Chemist: 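Take this structure first; my questions come after.
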Amino acid sequence: MPHNHQPILQTRNLSKVFITGMGFAKSRLVAVNRAAFQMGAQGTEIFTIAGESGSGKSTLAKMILGLLEPTEGSITFRGRNVTSIKGRKDRLWFMKEVQPVFQNPFETFSPLNRVDDYFLETAVSFRLIKRRQEAPEYLEKFLELVGLSLHHIQGRYPHELSGGELQRLSIARALMTRPTLLVADEPVSMIDASLRMSVVNLFRELKDKANVNVLYITHDLATAYYISDRIAIMLRGTIVELGPVEKVLDHPLHPYTKILKNSVPEPDPLNRLQPVRLSGIESKEFARAGCKFAGRCPSAMAICETQEPEAVIEDEREVKCHLYSESQGKTTA
Ligand code: SF4
């Protein structure tokens, strides 16, 4: 039975607004719209934010990493407000606790430096070791966790390793500070399809072996289904459905999630490993006053054009859709 813990991460009413253009051409884009979710309340987990390009998921990840200031709302990590973590000591604590894994492993490592030097630099800058002589033993532990060894990488340059190996290395580097949370933004999209699943599986293994929570940001529902405990579906800045991954992807309630699910033709989850590309961006959807999906939704009603739906609990998940709003009466879609 899952136990209730304090969430390690909690966002409340979190929004990011970008102002683009100047003068009369000025426009306001709500890239993240009142996002509210928590992680870790029932133990270590992999929580996925899934959405197409332009859904706001990467903006959300940047705010969580402290790289972007929210326009409104709050982010709490282990009881501390992320935006108020300012001093050097506190920033160092946060950077150790919350580690990013980026999309392109070839950009993580300088082509001019040997990859083991990069590890040494991380160990020294985070003061993870007292003396340089301790480095090999320290590094070996983390390389082992990702299925590599110091012998394999020592003295090698990034171009001598595959994309899959480099991404394993960047995950090992992220683990060196013993973080509570990895924020992995599209971590396998730049890796060869043949190696993708082995890296995805690694996150699942690390959740247990290194007791690390993973916030997995992806456009790919297939890998999300495979590794997540819970998932949030994002559409034009808004989380429209959030709950256990089997509930949300096997029995979606929100009309948008249903369309995504139907783009995965294979019912057997083990065969769903091909990436699923979601539909193209419609920037006017961001500007809609009501539900962002109203222009494409087969179930749209008059209210959907003008009023943004609030989250309601339905069948063990949160869903933002007027089909389930109290004012409409509950229906089975
Ligand atoms: Fe469709 Fe209306 Fe639900 Fe939006 S709120 S998904 S338009 S039924």
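What you are looking at is a predicted structure, and each value in this text was computed from that prediction instead of being measured. We count ligands from 1, going down the list as the structure has it; atoms in each ligand are counted the same way.
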Chemist: With the threshold set at 4.0 Å, does a side-chain nitrogen-carboxylate oxygen contact exist between Arg127 and Glu134?
Modeler: no

Chemist: Salt bridge check, Lys57 against Glu52: does any charged N sit closer than 4.0 Å to a carboxylate O?
Modeler: no

Chemist: Suppose I only count heavy atoms of His254 and a 4.0 Å limit; which atoms of ligand 1 are within that range?
Modeler: 6 (S)

Chemist: Side chains of Asn33 and Glu308: donor-acceptor distance under 3.5 Å anywhere?
Modeler: yes

Chemist: Does the plane of the ring in Phe94 sit parallel, tilted or perpendicular to the ring in Phe77? Use 30° and 60° as the thresholds.
Modeler: perpendicular

Chemist: Numbering the atoms of ligand 1 from 1, which are under 4.0 Å from a heavy atom of Cys304?
Modeler: 2 (Fe), 5 (S), 7 (S), 8 (S)

Chemist: What protein heavy atom is closest to atom 5 (S) of ligand 1, reported as residue, atom name and distance in Å?
Modeler: His322 N, 3.2 Å

Chemist: What atoms in ligand 1 come closer than 4.0 Å to a heavy atom of Ser299?
Modeler: 8 (S)

Chemist: Tell me whether atom 4 (Fe) of ligand 1 has Cys321 as a neighbour, meaning an N, O or S atom of it below 2.8 Å.
Modeler: no

Chemist: Establish, yes or no, whether the cationic atom of Arg78 lies under 6.0 Å from the six-membered ring centre of Trp93 and within 45° of the ring axis.
Modeler: no

Chemist: Looking at Arg12 and Glu72, does any basic side-chain N land under 4.0 Å from a carboxylate oxygen?
Modeler: no

Chemist: By number and element, which atoms of ligand 1 are closer than 4.0 Å to a non-hydrogen atom of Cys291?
Modeler: 4 (Fe), 5 (S), 6 (S), 7 (S)

Chemist: Under 2.8 Å from atom 1 (Fe) of ligand 1, is there an N/O/S atom belonging to Cys297?
Modeler: yes

Chemist: Using a 4.0 Å heavy-atom threshold (strictly under), name the region of Lys320 that reaches ligand 1: side chain, backbone, both or neither.
Modeler: neither

